[in-house]
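Remarks on the structure that follows.
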Amino acid sequence: MAEPSRVRDLLGRQSAGGEVRVRGWLRSARHAKAVSFLDVSDGSCVGGVQVVGAPGLSNYEAEVRKLRTGCAVIAEGELVESPARGQRYEIQASRIEVVGWVGDDYPLQKKRHSFEFLREIAHLRPRTRSIGAVLRVRNAAAMAIHEFFQERGFMYLHTPIITTSDAEGAGEMFRVSTLDPASPPRTPAGEVDFTSDFFGKPAHLTVSGQLESEIGALALGDVYTFGPTFRAENSNTPRHLAEFWMVEPEMAFCDLRGNADLAESFLRGLIASVLERCPEELEFFDGLADGNLIDALRHIAESPFERLDYSEAVEILERSGQSFEFPVAWGNDLQSEHERYLSERHVGRPLIVTDYPKDIKAFYMYVNDDGRTVRAMDVLVPRVGEIIGGSQREDRAEVLERRITDCGLSPADYAWYLDLRRHGSVPHAGFGLGFERAVQLITGLANIRDVAPFPRVPGYADF
Ligand code: ATP
Ligand code: MN
């Protein structure tokens, strides 16, 4: 009996011939007069392989003719040149074993389903061409990310998921607690007494691995984390998830310019890698995007990013003559519409905006000599807007402590973080890339819920 093959390997063979065996699920089944055409897919590539069954099969009438979309089969037979259009090979089956039947209510059919509908069946949608392709792109992108950093000597650091520090100081965190929510212990003042909680103080799911990455960078030089992060922000947008993966490099002896240079080569390299590793998937997404995707990705991979400082960006927006929903003024944060205008309309490619007002950025960013801006940077890309946020970190103990206080936070809560500035402090910098936003950019899919296998958003954490 032939060893099982993946459909991808079969379709990539140099020539037909030989006994083969495939295992997978039917995308479609067409039963003609005395012959059945089964489209078997196994998740290894966009397309399936056609298996042809004929009455010579011992179970032809009893089983094969009853096969429908969704059934699981093992098929064996000879790999032959296919006379049909659009496929090189097909399998002339000598045996078809039905491994799993489908119920009458199997929701997937041969036709294209809407992404909205597929979200409701997240347990079955990986079997579709589109979500299968997304998952393979995620896989390839994740490996490309590790390779990028490993090749450059960055060490993969595992930062914690549960934390008692708030990296953004923004309070958009999910609490981790074992206290009884119905009757938590109370302090004499009537507040919840977290000293008797599991960790002895309030704990949350991390919003970013950055603070701990800094510990790593200040010992190991260049490190990165790549893990899940959580934000309890009530944003129902096509770009926000409550749980998403973030790639966060952190570099010692590095300033904002070095950081921006790394972000640019990282993002361009990532896109180039996925173009190389997933040509078939990107052809598929290019089709969904009316042929506008692959060229746009090549353009990003090949052209240098524009660089602007925040003040210039604000002037450009003010002079643009556009009527934006959110007002543009020095001191306001850039909104997605502004980010997209700058990237799509003004420069026509990605850009890096630096030196934002300190009042709209986190406490840990290096304060510039002007006293009102910080060494922050955002990488903005067409269609998605902000894809990377980063900064040079404040490495001067006194300045950092003042910033913590000015931001209404307590230096005592950041004791170890301040300590890093008192013992062998060096300039250091890093950034965070939202992995799902990168997958949105690469696949061209408009909604972030379609590039995460199990999206978590306000009001929804099924599957
Ligand atoms: P935004 O303004 O879009 O909410 P942010 O400024 O809060 O983003 P950062 O805190 O700088 O984002 O996080 C770094 C990166 O993580 C962002 O550039 C983005 O790619 C990604 N990211 C942030 N929040 C989310 C989210 N809720 N869902 C998915 N990705 C996110
Ligand atoms: Mn946010």
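In this text, all values refer to a predicted model and were calculated from it rather than measured experimentally. We count ligands from 1, going down the list as the structure has it; atoms in each ligand are counted the same way.
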ring-ring contact (aromatic ring centres under 6.0 Å, His included) between His123 and Phe463, intermediate numbers included: CA-CA 7 Å; His123 57 314; Phe463 303 99; 5.3 Å; yes
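- Of the heavy atoms in His240, both backbone and side-chain atoms come closer than 4.0 Å to ligand 1.
- Between Asp355 and Arg375 there is no salt bridge, since none of the side-chain N atoms of the basic residue sits less than 4.0 Å from a carboxylate O of the acidic one.
- Salt bridge status for Glu344 with Arg383: absent, with no side-chain N to carboxylate O gap under 4.0 Å.
- Shown in contact with Ile448 at under 4.0 Å from a heavy atom are these atoms of ligand 1, numbered in order with element: 29 (C).
- Applying the 4.0 Å criterion to heavy atoms of Gly389 picks out, from ligand 1, the atoms 11 (O), 18 (O).
- Under a 4.0 angstrom heavy-atom cut-off, Glu436 registers as lying outside contact with ligand 1.
- You'll find the ring centres of Phe266 and Phe149 inside the 6.0 Å limit.
- Taking the six-membered ring where tryptophan is involved, the planes of Tyr224 and Tyr156 are essentially parallel, since the angle between them stays under 30° and well short of 60°.
- At least one N or O atom of Ile387 sits closer than 3.5 Å to an N or O atom of ligand 1.
- Close N/O approach between Leu241 and ligand 1 is found [any backbone or side-chain N/O within under 3.5 Å].
- Across Arg456, Glu386, Gln210, heavy-atom proximity to atom 12 (O) of ligand 1 is greatest for Glu386.
- When only interatomic distances are considered, the shortest N/O to N/O separation between Gly434 and ligand 1 falls below 3.5 Å.
- Side-chain atoms of Asp197 and Ser177 form a donor-acceptor pair, as typed in the model, at a separation below 3.5 Å.
- Residue Arg239 approaches ligand 1 through these ligand atoms, each under 4.0 Å from one of its heavy atoms: 28 (N), 29 (C).
- Scanning Ser336, Ser208, Gly432 for the heavy atom closest to atom 15 (C) of ligand 1 points to Gly432.
- By the 30° and 60° cut-offs, the orientation of the rings of Tyr414 relative to Tyr417 is perpendicular.
- For Phe226 and His146, the ring centers sit closer than 6.0 Å to each other.
- The part of Glu233 lying near ligand 1 is the side chain, judged by heavy-atom distances below 4.0 Å.
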